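What's counted below: heavy atoms across the whole structure, side chains too, no hydrogens, waters or symmetry copies. Residues take their numbers from the sequence shown, with the count starting at 1. As the structure is a computational prediction, the values presented were derived from the model and not from experiment.
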Amino acid sequence: MLVIKRIRVRYRLEGCPSDKREAALRAHEFHASRCPVAVSIGSAISISTELRFA
């Protein structure tokens, strides 16, 4: 039986102007706490995210 213990999400943001990167980083910091799926499974499964600019 497959048991999911952790989820790692990697975002790669292309074409983001340098003056908007700070806003993108702020949004990335808070999105998991406001995502219904992440909130629902967060107590049972470890979720990590990463944001990279291309």
Exercise. Which ring pair (Phe, Tyr, Trp, His ring centres under 6.0 Å) pairs, counting each pair once, include a residue from residues 32-54, with sequence neighbours left out?
Worked result: none
Exercise. Side chains of Thr49 and His31: does their closest heavy-atom pair fall under 4.5 Å?
Worked result: yes
Exercise. Does the pair Glu14 and Arg12 meet the rule for a salt bridge (charged side-chain N to carboxylate O under 4.0 Å, His left out), with working shown?
Worked result: CA-CA 6 Å; Glu14 294 185 24; Arg12 184 172 170 230; 3.2 Å; yes
Exercise. Is the CD atom of Glu50 crowded by more than 12 outside heavy atoms at less than 6.0 Å?
Worked result: yes
Exercise. Taking atom CZ of Arg21 and atom CG of Leu51, what is their separation to the nearest 0.5 Å?
Worked result: 9.0 Å
Problem set entry | CA sep, side-chain torsions, deciding dist, call: Arg8, Ile47, side chain to side chain contact (heavy atoms under 4.5 Å, CB included) | CA-CA 6 Å; Arg8 181 173 30 177; Ile47 301 171; over 6 Å; no
For this session: Specify the closest pair of heavy atoms between Ala38 and Ala32, including all atoms of both residues, with the distance to one decimal.
Result: CB-O, 3.4 Å
Exercise. Should Val9 and Val37 be counted in the same cluster of Ile, Leu, Val, Met, Phe, Trp and Tyr side chains packed under 4.5 Å apart?
Worked result: yes
Problem set entry | Residues Ile4, Ile41; criterion side chain to side chain contact (heavy atoms under 4.5 Å, CB included); working and verdict | CA-CA 11 Å; Ile4 299 172; Ile41 64 173; over 6 Å; no
Exercise. Does anything in residues 33-48 pair up under side chain to side chain donor-acceptor pair (under 3.5 Å), and if so which pairs, sequence neighbours excluded?
Worked result: none
Problem set entry | CA sep, side-chain torsions, deciding dist, call: Lys5, Ile45, side chain to side chain contact (heavy atoms under 4.5 Å, CB included) | CA-CA 5 Å; Lys5 295 183 178 181; Ile45 299 173; over 6 Å; no
